[in-house]
Amino acid sequence: MPMPALIAVAHGTRSPAGQAQIRDLVARVAARRPGLDVRLSYVDVQEPKVAEFTRVLPYAVVVPLLLSAGYHVRVDIAEAVAGTRIPVTRPLGPDDVLLAGMLRHLPAADAVVLAAAGSSDPAWRADVEQLAVRIGARAGYVSGPGARVPDVVADLRRQGARRIAVAAYFLADGLFYRSLGKVGADSVTPPLCLDPEVTDLVLRRYESALLTSANTRL
């Protein structure tokens, strides 16, 4: 029996740079596993949507290229696999691989802000807050509830921080990521998908579903 296809599901962005970064990540995954059928789909902004593949690839694994199990996982992806036997893995984040990638790119600073997109999902915000604690940072958001990144940076300046680094909890370039260049910080870490370690993280998510399926059959 052939290996199940890997359906990677990204959020989608209008940023040409962000689109290229995600395509490159998926190309690296495919290159690492010659012969594996790897498809790229999206939950928003771009096409094709994930349901276009789940309808025609019954023997597949869905890997969300997302940073939390928020709305897109619980609703959009769940609806796309409803009525199929296609498993959905954990999203890429939170994960120690992503945390380590951010830390590798953080320069010396008096204060660090963990910047995330924002969400009304309490579990999503709890994940971000826990990551911030782990790296000794304050959390800030680009949208949704919670403190805005520019306000957190300004507050840290008032408290005497002279060099402030932003740890960007964003997988790829896009409108939200680019906004971090205007928050008044001294540096911003690169998008997470540029880290070569993320290639292996995607494959580990895929392989975890294969192991679970094998254990179920046994």
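In what follows, residues are counted from 1 in the order of the sequence shown.
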Is the closest side-chain heavy-atom distance between Met3 and Leu210 below 4.5 Å? yes
Below 30° counts as parallel, above 60° as perpendicular, anything between as tilted: where do the rings of Phe176 and Phe170 land? perpendicular
So do the side chains of Asp155 and Arg138 get within less than 4.5 Å of each other, counting heavy atoms only? yes
Salt bridge (charged side-chain N to carboxylate O under 4.0 Å, His left out) involving Arg74 - partner list, sequence neighbours excluded: Asp121
Tell me, do Leu25 and Arg28 make a side-chain contact under 4.5 Å, heavy atoms counted? yes
Do Asp195 and Leu201 come close enough that some side-chain heavy atom pair is under 4.5 Å? no
List, one per line, each side-chain donor-acceptor pair under 3.5 Å for residues 81-93, sequence neighbours excluded.
unit_1: Thr84; atom_1: OG1; unit_2: Val81; atom_2: O; d: 2.7
unit_1: Thr84; atom_1: OG1; unit_2: Ile86; atom_2: N; d: 3.1
unit_1: Arg90; atom_1: NH2; unit_2: Pro94; atom_2: O; d: 3.2

Table please: side-chain donor-acceptor pairs of residues 180-188 below 3.5 Å, with sequence neighbours left out.
unit_1: Asp186; atom_1: OD2; unit_2: Arg157; atom_2: NH1; d: 3.4
unit_1: Asp186; atom_1: OD2; unit_2: Arg157; atom_2: NH2; d: 3.0
unit_1: Asp186; atom_1: OD2; unit_2: Ile164; atom_2: N; d: 2.7

Restricting to pairs with a member in residues 164-178, which pass side-chain hydrogen bond (donor to acceptor under 3.5 Å, both in side chains), not counting sequence neighbours? Ser15-Asp173, Ser15-Arg178, Asp173-Arg178
Salt bridge (charged side-chain N to carboxylate O under 4.0 Å, His left out) against Arg125, all qualifying residues, sequence neighbours excluded: none
Pairwise ring pair (Phe, Tyr, Trp, His ring centres under 6.0 Å) hits with a residue in residues 2-54, at least two apart: His11-His72
Salt bridge check, Lys49 against Asp76: does any charged N sit closer than 4.0 Å to a carboxylate O? no
Please determine whether a side-chain nitrogen of the Lys or Arg among Arg205 and Glu207 lies less than 4.0 Å from a carboxylate oxygen of the Asp or Glu. no
Is the shortest heavy-atom distance from the side chain of Met102 to the side chain of Leu114 under 4.5 Å? yes
